[in-house]
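Labels below follow one simple rule: chain letters A, B, ... track the order of the sequence lines, proteins then strands, and each chain is numbered from 1. What you see is a predicted model, and the numbers here were worked out from it, not measured in a lab.
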Amino acid sequence: MEPFTRDATLVKHLPAHVGQTVELQGWVANRRDSKLRTFIVLRDGTGFVQCVVERDRVGEAAFALSRKLGLESSIYVRGKVVSDARQMGGVEVHVETLKAYQVVQDYPIAKKAHGVEFLMDRRHLWLRSRRQWAIMQIRNRAIQAIHRYFQRHDFVQADAPILTGNACEGTTTLFPTPFYDQTAYLTQSGQLYGEAMAMAFGRIYTFGPTFRAEKSKTRRHLSEFWMIEPEMAFFDLDMLMDFIEDFVRTVTLEVVEQSRMEMEILGRDPAPLRKVAEPFERLEYERAVRVLNGTERVNGMSAVEMWRQELDHTRAEIQSVQGRIAELEGLLKQPMKEKKRNYYQAELNQAKARLHTLEERRKNIPLWIESAENFRFGNDFGGADETVLTLLFDRPVMVYNWPRAIKAFYMKGVPGRPDLVKGVDLLAPEGYGEIVGGSERETDEQVLRQRIREENLPEEAFEWYLDLRRFGTVPHAGFGLGFERYVSWLAKLPHVREAIPFPRMYGRLFP
RNA sequence: UCCUCGGUAGCUCAGUUGGUUAGAGCGGGUGGCUGUUAACCACCAGGUCGGGGGUUCAAGUCCCUCCCGAGGAGCCA
C-alpha cells in the first residue's frame, strides 16, 4: 500500500522525539474540524496522540483529505513533535504530510454511550476504543509481572493439557468434545497435572485457559477464562499463605506503578490497590463464621451492623436521588428550549436508572443480613458474605481451614480436626470477592482413595494421580488465580467480560 | 433451572388513566462558527414500536405465548 513506511515512530516513544520530524502510522481515533485546522487523534496501539493539520503546512489536497477522514480511517502522517501541556502524554504532532491507506465512513461505534449487547456484537471493533486499550495494557502488564515474579522465584512454567479425560473436581459442568473414538473434556483446572509437574520440577506454574460450562449470567463468570496455577513441592499451608500474600502484593504494586495513565483513563483510583502493601487479614473459617453471624465483632462492628450501615447509606442516597428526580420533573414541566429540556431529560433518565439499582440493593440488604445472621459452620460464602468480610477488614482477606464437606477431595486435612481441610481463599476488596483458591494437598494414597470414593469420582481415572503418592510423596501446596477476576479488580471493571479480548460466556460465542 | 428488569429511528432513550399524524439527543446530509477535547448553532432525511395470537370502536400502551438481552440466585475463579 502506498504510504507504508518501515521507519514509523511509535506513539509511546514520541516524548523522546520533541523537536524532531517523525513518521507515524495508525488509525483515526477522533477528529474535530475548525476553519483553519483539523485535529486528528491518531492511535497506533501504543498510545494516542493529537495531530494538528493546517492548510498552510500540508497543502490544499491533504487538508481536504483531513476533512474526509471518518473514525478508524487508516493513515500515514509525517510531522514535527511539539510539546503541549494540554495533551495527555504532553506532546502533539504538527503535520507536514498526510496520506490515507483507507478513508472510512460510517464506523459503527460512535463517540457516545452504547449498550452492552451492541458493543459485544462488535467486540472486534470495540477493542480499539481508548477504554478497552487501557484495560488490555493493564492485562498485559499483569501477565508480564506474574511471569517475572515466578521466574525470579525459581519456578518453571509447565502447562497442563487443555483436553482431559477426567474431571478434576467432578462438581462443575464440563464441556465435552469428541476425541477420536472417546469423549474428552475441556480442562476446568490444570491442578492435578500441576502436582505431577511439581514432583518433576520442584516449583511450577501453569498459565492457560480453563473452561466451565456453568449457565451463570453474572458479572463474575466466563465460560472460558485464564488461570494461573502454581504448585510447589515441600510447601505447607502457612508457606502457601505467605506466598499468596507476597505474590499478590508484588504483582499488584508493580502493575499499579506501571499503569498510571491507564488507570486515569479508566477513572480507577489506585489508592485501594496500594493498600495491598499492608498485611492481609488471615481468618480461620470458623472465625469467619462467627464474624458473619455476629458472635464476634471486628473493630467494634459486626457483619450485621456493617450491612445496617450500608443500608443507611443506600437509603440516604435513594432519598437524595428521589429529591433530584422530583426537582428535574418539576423543571421539565416548565417551558424551556428543546436543547435544555433534553439535557434535563437525560439526567432524569440516569437518575431513574441509579434509583433502580439502589432500590434493588435496599431490597437485597435485608436478605444479606439474614444470610449473615444464619451463617453456620458448613456453609459456603455467597457473594454478599465475601463483600461484607472485606468491608469489615478494609483489606484483602484470606480465609483458611475450611470444612472438608464443601471443598475438593485433594485437600489435606487439618491435624486433629477431621472436619477441616487446609484450604485457603483470597477475597479481593471493593466487592470483587474470591480471586484465589488454594490448598495444601493430601499426600497419603489411602486417604485420597477414600475421598475419591466418597465423592463418587471414577477411581480408575485417578490412578496416575495416585502414583504421585506412591513414588516419593512430599508435602506440597498450590493455588489458582482467576486471571480475569484479578484484572477486573485492578481496573475496577463492572464485569469480567471486559477483562479478556474475546469473552466466551453463556449465550456468547461470537465474534 | 429460578427471580427481577428490559426490547420504540443507525445508536442511547422518552412516550401520562388505551385516543387524531410516534418524539428528542447523538450519528448521517447541507450551511455557519470555532486551538478543538463526546465541540457548538440552524435546517433536512430517517420508524412494520422484538415475533405471533387475543381483548377493544381504538393497542407502542392491556392479556397470553415465544424469542432475545441485562442484573441477581444457585455454582464457581
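- Residues meeting the side-chain hydrogen bond (donor to acceptor under 3.5 Å, both in side chains) test with Q137(A), sequence neighbours left out: none.
- Under the side-chain hydrogen bond (donor to acceptor under 3.5 Å, both in side chains) criterion, T210(A) pairs with no residue, sequence neighbours left out.
- Under the side-chain hydrogen bond (donor to acceptor under 3.5 Å, both in side chains) criterion, W489(A) pairs with E430(A), not counting sequence neighbours.
- Legend: residues meeting ring pair (Phe, Tyr, Trp, His ring centres under 6.0 Å) with Y205(A), ordered by chain and number and at least two apart, are H147(A), F150(A).
- Applying the ring pair (Phe, Tyr, Trp, His ring centres under 6.0 Å) rule to F63(A) yields no partners; only residues at least two apart in sequence or on another chain are considered.
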Close N or O pairs between protein and nucleotides 43-50 of chain B (under 3.5 Å):
none

Map every base of RNA chain B to its dot-bracket character, where paired means a Watson-Crick or G-U wobble contact with both distances under 3.5 Å and | marks a partner outside the strand. (((((((..((((.....[...)))).(((((.......))))).....(((((..]....))))))))))))....
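- In this view, L14(A) and T9(A), V11(A), V22(A), L24(A), V49(A), V81(A), V91(A), V93(A) satisfy the side chain to side chain contact (heavy atoms under 4.5 Å, CB included) rule, not counting sequence neighbours.
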Donor-acceptor contacts, no H, no angles, side chain residues 378-385 of chain A, under 3.5 Å, sequence neighbours left out:
unit_1: D385(A); atom_1: OD1; unit_2: S371(A); atom_2: OG; d: 3.3
unit_1: D385(A); atom_1: OD2; unit_2: G382(A); atom_2: N; d: 2.9

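- Partners of D159(A) under the side chain to side chain contact (heavy atoms under 4.5 Å, CB included) rule, at least two apart in sequence or in another chain, are Q157(A), T206(A).
- Proximity of residues 218-231 of chain A to RNA chain B (heavy atom under 4.0 angstrom from any strand atom) is restricted to T218(A), R219(A), R220(A), H221(A), L222(A), F225(A), M227(A).
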Heteroatom pairs (N/O) under 3.5 angstrom, protein to nucleotides 6-12 of chain B:
unit_1: C11(B); atom_1: O2'; unit_2: K112(A); atom_2: NZ; d: 3.4
unit_1: C11(B); atom_1: O2'; unit_2: H114(A); atom_2: ND1; d: 2.7
unit_1: C11(B); atom_1: O2; unit_2: K112(A); atom_2: NZ; d: 2.3
unit_1: U12(B); atom_1: OP1; unit_2: G115(A); atom_2: N; d: 2.9
unit_1: U12(B); atom_1: O4'; unit_2: K112(A); atom_2: NZ; d: 3.1

